[in-house]
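Read through the structure below, which is laid out as structure tokens, and then see the notes.
In listed order, ligands and their atoms are each counted from 1. It should be emphasised that the depicted structure is a prediction, and the values quoted were computed from it without experimental measurement.
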Amino acid sequence: MNFVVVGAQWGDEGKGKLIDILSENVDITVRYQGGNNAGHTVIVGDKEYIFHLIPSAILRPSKTCVIGNGVVIDPKALLEEINELKKRGLPMTNRQLKISCNAHVVMPYHRVMDQLRETKRENKIGTTGRGIGPCYSDKIGRMGIRMIDLLNPGVLKAKLQDNLNEKNDIFKKVYSHQTYDFKKIYTEYLAYGRKLKSYICDTSLYLNDAVDRKKKILFEGAQGTFLDVDFGTYPFVTSSNSTIGGVCSGTGVPPTKIGQVIAAVKAYTTRVGEGPFPTEFDEKFNDIIRAKGHEFGSTTGRPRRCGWFDAVLVRYAAIINGASELAIMKLDVLDGLETLKIAVAYKYKGKIYKDFPHDLDVLSKCEIVYETMKGWKESTREARKYSQLPLNARRYVERLEKLVGVRVKYISVGSKRDEIVVR
Ligand code: GDP
Ligand code: IMO
Ligand code: MG
């Protein structure tokens with residue numbers, strides 16, 4: 001059975017750790033969307049790795065990792081990541097890593113445009129500044145440059161010239177910003193193509209053939225459901241489909257071959273960047289949980305905003321992703337709290353909302369209907385079996401399960417590989 005790990009909140013749920021564990025029992029792990037806005041942390045022994053573009057299963061050298069066509073690739077960042085892994089002893093052969101020829105390329109003007117657009121906006125998104133939005137805009141606008149284009153000097157030349165014709169005017173006239181030199185980018189990106197050539201192939205055919213040969217595939221989501229461009233807290237979202245639909249369009253593997261969906265959540269909620277966050281803690285408690293959970297962005301280092309578990313959000317995520325199992329991460333961060341709160345509904349202008357409301361006013365101005373539960377004093381970090389968790393921790397897990405309507409299979413109690421309970 002193949003399966004997907006999808007974030008069911010605003011990203012950073014602990015997908016990297018979960019994928020590292022689950023990848024032991026699969027043959028291939030594939031990223032299907034996003035770019036190096038993602039930061040997936042894996043801790044093995046005393047070593048910490050943060051992956052931005054490369055799937056989190058890469059630390060198992062006998063397995064294959066794929067970057068699917070739905071991902072946007074900054075080749076400079078990707079080469080840095082590959083070189084870093086080589087330095088740390090991984091072979092990084094083209095058996096270990098495959099890159100879709102159809103994945104779009106993040107260009108230098110995308111990164112700068114991302115930042116310039118943010119400066120002009122009244123309602124800032126707080127993007128990672130990695131050029132993700134502008135790159136996806138060009139893909140949909142049919143102006144994009146794909147990985148395969150980096151291998152064809154004639155095609156790259158024509159596309160880059162067209163792009164610079166338009167973009168240099170925008171940079172100059174709209175943003176009073178310096179323009180881009182064709183020759184410099186052309187030479188730089190052809191060189192990236194040469195360096196990455198051995199990894200680039202038709203990954204959709206590779207993956208479908210693997211499915212036919214009964215190989216097991218794990219699909220790795222980046223970001224989370226509420227950063228999805230269609231279903232998230234728009235416009236405070238990223239520019240791709242981080243939810244389940246992104247798997248098919250981002251890999252070329254049809255829905256009939258996907259299988260199980262594991263929705264990953266934190267035992268509480270976090271968000272980086274701007275946008276509504278109904279259950280956000282007050283400043284004081286935010287500081288406490290941020291320190292306990294080391295809640296700082298893996299990509300930008302920004303402090304993450306923290307809040308109570310929001311069952312209104314996660315229930316919606318479970319529905320639209322068709323979640324078959326829930327993974328609750330970072331339960332240990334809640335150790336020692338007197339009481340815990342869970343959002344079960346929102347209230348706005350006298351109306352009760354039990355389902356996720358898409359209206360920004362409701363999301364940002366609503367009152368929260370909370371359920372309160374007793375906390376636990378004991379540490380959960382040593383638990384390896386469900387029965388070893390404190391009674392009130394089990395009660396909390398079972399309440400979340402009931403509210404979300406999906407069975408909890410994994411409970412993570414620490415950042416290390418073995419700090420997990422499989423139920
Ligand atoms: P991702 O983007 O979903 O892969 O998540 P990140 O890696 O950005 O953020 C999750 C953070 O929590 C990382 O620093 C992980 O090492 C850490 N982490 C993952 N699972 C647990 C857990 O169960 N307990 C604790 N304390 N930390 C965890
Ligand atoms: P992982 O995969 C958390 C957020 C940014 C910003 C918004 C748009 O590690 O869970 P973008 O640069 O994508 O245009 O920024 O999305 N964001 C993330 N937040 N985890 C991520 O990835 C994120 N990727 C983007 O902070 O609010
Ligand atoms: Mg992250």
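Residues Y175 and R117 are in side-chain contact: their nearest non-hydrogen atoms beyond the backbone lie under 4.5 Å apart.
Residue contacts with ligand 2 for V272 involve both N, CA, C or O and side-chain atoms from C-beta outward (heavy atoms, distance under 4.0 Å). Only the side chain of S298 comes within contact range of ligand 1, with a heavy atom under 4.0 Å; no backbone atom does. Counting heavy atoms under 4.0 Å from ligand 1, residue K15 touches it through both backbone and side chain. Using a 4.0 Å cut-off between heavy atoms, R130 makes no contact with ligand 2 at all. Proximity of W10 to ligand 2, defined as any heavy-atom pair under 4.0 Å, is confined to the backbone N, CA, C and O atoms. Only the backbone of V237 comes within contact range of ligand 2, with a heavy atom under 4.0 Å; no side-chain atom does.
The closest approach between G126 and ligand 2 falls below 4.0 Å for a heavy atom of the residue. Put simply, no part of H294 is less than 4.0 Å from ligand 1, judged by heavy atoms. Taking a 4.0 Å cut-off on heavy atoms, K15 registers as neighbouring ligand 2.
Checked against a 3.5 angstrom limit, the closest N/O atoms of G39 and ligand 1 fall inside it. Geometrically, ligand 1 and K266 share no nitrogen or oxygen pair separated by less than 3.5 Å. At least one N or O atom of G16, backbone or side chain, sits closer than 3.5 Å to an N or O atom of ligand 1. The shortest N or O to N or O distance between I43 and ligand 1 is not under 3.5 Å. The shortest N or O to N or O distance between T41 and ligand 1 is below 3.5 Å.
The residues D149 and R146 are annotated as salt-bridged, a charged nitrogen and a carboxylate oxygen being separated by less than 4.0 angstrom. The residues R381 and E419 are annotated as salt-bridged, a charged nitrogen and a carboxylate oxygen being separated by less than 4.0 angstrom. Salt-bridge check for K124 with E118: failed, with every basic side-chain N at 4.0 Å or more from each acidic carboxylate O.
Just one of R271, R304, R302 meets the salt bridge (Lys or Arg N to Asp or Glu O under 4.0 Å) condition when paired with D12; it is R304. Partner of L400 under the side-chain contact (heavy atoms from CB on, under 4.5 Å) criterion, out of V408, V406, I342, V314: I342 alone. A ring-ring contact (aromatic ring centres under 6.0 Å, His included) with W308 is found for one member of F277, Y268, Y396, F285 and no other, namely F285. Shown are I217, N2, V247; of these, the side-chain contact (heavy atoms from CB on, under 4.5 Å) with I258 is made only by V247. Applying the side-chain hydrogen bond (donor to acceptor under 3.5 Å, both in side chains) test between S412 and each of E13, K17, K330 identifies K17 as the sole match.
In this structure, T299 contributes its side chain and N37 its backbone to a donor-acceptor pair below 3.5 Å. Side chain of R315 to main chain of K354: a donor-acceptor pair is present (N/O by atom type, distance under 3.5 Å, no hydrogens or angles). With hydrogens and angles ignored, the 3.5 Å screen pairs no side-chain donor or acceptor of D20 with any backbone N or O of V42.
Taking each of R304, K330, K17 in turn, the one with a heavy atom nearest to atom 9 (O) of ligand 1 proves to be R304. Comparing R271, Q223, E274 by heavy-atom distance to atom 22 (O) of ligand 2, the nearest is Q223. Between atom 9 (O) of ligand 2 and the options S242, G39, G232, G273, the minimum heavy-atom separation is to G39. The nearest non-hydrogen atom to atom 26 (O) of ligand 2, considering only H40, R302, E13, comes from R302. Among T238, L227, N37, the residue whose heavy atom sits closest to atom 17 (N) of ligand 2 is L227. Nearest-residue assignment for atom 25 (C) of ligand 1 (options I19, I420, I328, D332; heavy-atom criterion): D332.
When each atom of ligand 2 is checked for a heavy atom of G11 under 4.0 Å away, the hits are 10 (O), 20 (N).
Looking at D12 and the Mg ion (ligand 3) together, the shortest N, O or S contact belongs to OD1.
No more than 12 heavy-atom neighbours from other residues, nucleotides or ligands sit within 6.0 angstrom of NZ on K416.
Under 3.5 Å, the side chains of H104 and D138 contain no donor-acceptor pair of N or O atoms.
At a cut-off of 2.8 Å, G39 coordinates the Mg ion (ligand 3) through an N, O or S atom.
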